[in-house]
Enquirer: 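Would you mind keeping the following structure in view while I ask a few things?
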Amino acid sequence: MDGRQLLDWYSQHRRSFPWRTPFPRDPYLVLVAEVMLQQTQASRVAELLPRFLARFPRLEDVAAAGEDQVVAAFAGLGYYRRARLLHRLAQQLVQRGWPQDPHQLRQLPGLGPYTAAAVAAFAFGHLTPPVDGNLARIAARLLALPLSAHSAQLRRQATALFSQMAQSQSTPALFEALMDLGATVCRPVSPLCGQCPLAARCLAFQKGRPEDFPLPKPQRARETPTWLALWLENPAGEVLLRPITEPPLQGLWLPPLERGSGEVETRLRRLLGELGLGGEPKAVGRLSHRITHRLITVLVFRLSVPPQVGENGRNGRWVSVEANVPTSSLAYKIARLVAEAESQRSITYG
DNA sequence: AAGACGGGGCA
DNA sequence: TGCCCAGTCTT
């Protein structure tokens with residue numbers, strides 16, 4: 001399988017993204033994009049990458065910034081450990097320079113087999129395949145391998161297959177072609193085999209069962225906790241954010257949350273007690289938020305408080321709504337719910 | 001090898 | 001809802 005048909009297909013169907021500049025690419029751009037692309041949809045990265053680059057135009061800017069600033073620039077992307085590792089990585093690279101070999105890149109914090117290969121390929125022209133979910137799935141189907149998507153075996157087979165293909169074409173563009181093929185044609189469900197340039201060579205297609213490969217991964221049990229969120233607003237229009245001290249969302253700043261269990265009223269009192277507050281919070285509404293295998297229901301309450309209540313390191317700090325702090329999408333969801341409730345109220349009673 | 005870790009999109 | 005996504009790190 002030489003991959004020429006694939007490159008032909010790619011020349012007609014290439015998707016455009018901010019990080020897809022001509023080869024060889026700026027290593028910094030590749031690095032940031034690839035780290036963001038870890039388990040994050042390309043469309044989402046396309047939205048948020050420009051914001052990050054505007055805040056940190058150069059690698060040196062990341063290295064010189066505080067960790068929290070880098071995490072803040074990742075807000076909305078999830079997997080915030082990536083931002084912390086990227087910060088460490090930037091400092092190492094500024095100190096010691098860029099390795100170009102995938103094996104050496106692999107040693108750096110935050111770069112696993114995929115990202116190390118991707119940076120080596122797209123920034124430095126190496127032909128080691130960055131095996132992501134797309135490449136693994138395509139390999140499983142081409143060879144009709146009954147292996148689960150994340151198995152080490154499948155990864156090895158995919159590496160061997162696409163390594164050979166890349167040698168014959170000698171361009172890392174082949175890897176992008178495979179990723180686009182996986183995203184748009186060789187999709188996880190309902191693959192469009194009629195449009196696939198590799199269908200003639202695909203054993204899964206010949207079997208008539210493309211969707212049987214790779215094997216589905218066993219599903220995990222799901223938790224469905226209920227959290228309470230308290231939206232506190234002072235007369236200056238600021239809201240109180242607190243750092244979360246335990247995972248999930250550890251280290252991020254959100255409105256005070258109560259993540260225990262039991263009766264809602266009891267838990268609300270407990271939360272108020274922690275903050276040294278009294279008063280009668282008003283129920284604003286509920287929202288749902290998913291974190292990995294958890295499906296979380298968040299009950300949102302609001303309360304207006306006098307100035308300076310709860311102002312200290314442990315209990316949080318008052319910030320304006322648009323403050324640049326490390327936070328999560330959940331904070332935006334809560335803010336949106338409160339804002340919507342507010343506008344409803346002014347419409348209804350206004 | 002398995003579990004933890006965000007969040008959005010889609011059928 | 002259930003599953004997937006340009007994964008990595010820890011145990």
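No hydrogens, no waters, no symmetry mates; every other heavy atom, side chains included, goes into these values. Keep in mind the model is a prediction, meaning the values are calculated, not measured.
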Enquirer: Which nucleotide, B/dG7, C/dG2, C/dA6, lies nearest any side-chain atom of A/L37?
Expert: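 Comparing B/dG7, C/dG2, C/dA6 against the side chain of A/L37, the answer is C/dA6.
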
Enquirer: Let me spell it out: for each of A/A33 and A/L108, pick the nucleotide of DNA chain C with the closest heavy atom. Which residue's pick is nearer the 5' end?
Expert: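 With A/A33 and A/L108 compared, the 5'-side residue is A/A33.
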
Enquirer: For A/M179 and C/dC5, give me the distance from atom CE to atom P, rounded to whole Å.
Expert: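 The answer, rounded to whole Å, is 13 Å.
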
Enquirer: Side chain of A/N134, heavy atoms from C-beta onward: which of C/dC4, C/dA6, C/dG7 has the nearest atom to it?
Expert: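 Out of C/dC4, C/dA6, C/dG7, the nucleotide with an atom closest to A/N134's side chain is C/dA6.
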
Enquirer: OP1 or OP2 of B/dC5 versus the side-chain N and O atoms of A/R81: is any pair under 4.0 Å?
Expert: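 So the side-chain polar atoms of A/R81 never come under 4.0 Å of the phosphate oxygens OP1 or OP2 of B/dC5.
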
Enquirer: If each of A/A152 and A/R82 is mapped to the nucleotide of DNA chain B with the nearest heavy atom, which maps nearer the 5' terminus, i.e. the 5' end?
Expert: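 Between the two, 5'-proximity favours A/A152.
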
Enquirer: In whole Å, measure the gap between the P atoms of C/dA6 and B/dC5 for me.
Expert: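 So the two P atoms sit 23 Å from each other.
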
Enquirer: Pick base, sugar-phosphate or nothing for A/H289, based on heavy-atom distances below 4.0 Å to the nucleic acid.
Expert: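 The answer is sugar-phosphate, as A/H289 gets under 4.0 Å only of primed atoms, P, OP1 or OP2.
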
Enquirer: Tell me what A/P130 touches on the nucleic acid: a base, only sugar-phosphate, or nothing, going by heavy atoms under 4.0 Å.
Expert: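 Nothing: the residue A/P130, judged by heavy atoms under 4.0 Å, touches no strand.
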
Enquirer: Atom CD of A/E223 to atom C1' of C/dT1: distance rounded to whole Å?
Expert: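 Roughly 17 Å, once rounded to whole Å.
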
Enquirer: Could you tell me the separation between the CD1 atom of A/I291 and the P atom of C/dC4, rounded to a whole number of Å?
Expert: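 Checked: the CD1 to P distance equals 20 Å.
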
Enquirer: B/dC5 phosphate, OP1 or OP2: any side-chain N/O from A/H293 under 4.0 angstrom?
Expert: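 A/H293 to B/dC5 OP1/OP2: no side-chain N or O under 4.0 Å.
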
Enquirer: Would one find a side-chain N or O of A/T40 under 4.0 angstrom from OP1 or OP2 of B/dG6?
Expert: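 A/T40 to B/dG6 OP1/OP2: no side-chain N or O under 4.0 Å.
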
Enquirer: Under 3.5 Å, is there an N or O donor on one side and an acceptor on the other linking the side chain of A/Y114 and the base of C/dG7?
Expert: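 Side chain to base: no pair present.
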
Enquirer: So A/S329, base contact, sugar-phosphate only, or nothing? Heavy-atom distance under 4.0 Å.
Expert: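 Since only primed, P, OP1 and OP2 atoms lie under 4.0 Å of A/S329, the category is sugar-phosphate.
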
Enquirer: Return the nearest nucleotide to the side chain of A/T292; candidates are B/dC5, B/dG7, C/dC4.
Expert: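 Shortest atom-to-atom distance from the side chain points to B/dC5.
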
Enquirer: Indicate whether the side chain of A/H293 and that of A/E223 have a donor and an acceptor atom separated by less than 3.5 Å.
Expert: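 Note: A/H293 and A/E223 side chains meet the donor-acceptor criterion.
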
Enquirer: Please state how far atom CE in A/M36 lies from atom C1' in C/dA6, giving the value in whole angstrom units.
Expert: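 Rounded to the whole Å, the gap is 13 Å.
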
Enquirer: Can you tell me if A/R82 uses its side chain to pair, donor with acceptor, with the backbone of A/Y79 under 3.5 Å?
Expert: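 Between the backbone of A/Y79 and the side chain of A/R82 there is a qualifying donor-acceptor contact (under 3.5 Å).
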
Enquirer: By the 4.0 Å heavy-atom rule, please label A/R137 as base, sugar-phosphate, or nothing.
Expert: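 Sugar-phosphate: the residue A/R137, judged by heavy atoms under 4.0 Å, touches backbone atoms but no base.
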
Enquirer: Between B/dG7, C/dG7, C/dA6, which nucleotide has the shortest distance from any of its atoms to the side chain of A/Y79?
Expert: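 The answer is C/dG7.
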
Enquirer: If I take atom CG in residue A/L287 and atom C1' in nucleotide B/dG7, what distance separates them, rounded to the nearest angstrom?
Expert: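 About 13 Å, once rounded to whole Å.
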
Enquirer: Just N and O in the side chain of A/Q38: are any of them under 4.0 Å from OP1 or OP2 of C/dG7?
Expert: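 Answer is no, no contact under 4.0 Å.
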
Enquirer: Just to be sure I understand the rule, does A/L295 reach a base, reach only the sugar-phosphate, or reach nothing, if contact means heavy atoms closer than 4.0 Å?
Expert: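 Result for A/L295 = nothing.
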
Enquirer: State whether the number of non-hydrogen atoms from other residues, nucleotides or ligands found under 6.0 Å of A/R286 atom CZ is greater than 12.
Expert: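 Open.
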
Enquirer: First locate atom CD of A/Q153, then atom CG of A/L145, and finally report the distance between them rounded to the nearest 0.5 Å.
Expert: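 Answer for the CD-CG pair, A/Q153 versus A/L145, is 8.5 Å.
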
Enquirer: Measure the distance from CG on A/L257 to P on B/dG6 and round it to the nearest whole Å.
Expert: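 To the nearest whole Å, that distance equals 14 Å.
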
Enquirer: So, under a plain 3.5 Å distance rule, would you say the side chain of A/R155 forms a donor-acceptor pair with the base of C/dG7?
Expert: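 Check fails, no donor-acceptor contact within cut-off.
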
Enquirer: When clusters are formed by joining ILVMFWY residues with side-chain heavy atoms under 4.5 Å apart, either directly or through shared neighbours, do A/L203 and A/L181 land in the same one?
Expert: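 The answer is no; the residues belong to distinct hydrophobic clusters.
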
Enquirer: Please give, in whole Å, the distance from C/dT1 P to A/R290 CZ?
Expert: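 Checked: the CZ to P distance equals 9 Å.
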
Enquirer: How far, in whole Å, is C/dT8 from B/dG9 if one measures between their C1' atoms?
Expert: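 So the two C1' atoms sit 23 Å from each other.
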
Enquirer: Reckon A/L135 touches a base, only the sugar-phosphate, or nothing at all at heavy-atom distances under 4.0 Å?
Expert: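 Nothing: the residue A/L135, judged by heavy atoms under 4.0 Å, touches no strand.
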
Enquirer: Using a cut-off of less than 4.0 Å, is there contact between a side-chain N or O of A/R294 and OP1 or OP2 of B/dC5?
Expert: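 Affirmative; the distance criterion is met.
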
Enquirer: Are A/T115 and C/dT8 close enough that a side-chain N or O sits under 4.0 Å from OP1 or OP2?
Expert: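 So the side-chain polar atoms of A/T115 do come within 4.0 Å of the phosphate oxygens OP1 or OP2 of C/dT8, strictly under.
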
Enquirer: Please check if any side-chain donor atom of A/Y114 sits under 3.5 Å from a side-chain acceptor atom of A/E34, or the reverse.
Expert: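 A pair is found: one side chain offers a donor N or O, the other an acceptor, under 3.5 Å apart.
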
Enquirer: Taking NZ, NE, NH1 and NH2 as the nitrogens, is one of them in A/R269 or A/E265 under 4.0 Å from a carboxylate oxygen of the other?
Expert: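 So A/R269 pairs with A/E265 through a salt bridge.
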
Enquirer: In this structure, how many angstroms lie between the P atom of B/dG7 and the OH atom of A/Y332, rounded?
Expert: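 One finds 10 Å between P of B/dG7 and OH of A/Y332, rounded.
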
Enquirer: Would you tell me if any nitrogen or oxygen in the side chain of A/R106 comes within less than 4.0 Å of OP1 or OP2 on C/dC9?
Expert: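 Yes, such a contact exists.
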
Enquirer: Look at the side chain of A/A183 and decide which nucleotide, out of B/dG7, C/dA6, B/dA1, has an atom nearest to it.
Expert: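 Given the options B/dG7, C/dA6, B/dA1, the side chain of A/A183 is closest to C/dA6.
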
Enquirer: For B/dG7, does either OP1 or OP2 sit under 4.0 Å from a side-chain N or O belonging to A/Y80?
Expert: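 Yes.
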
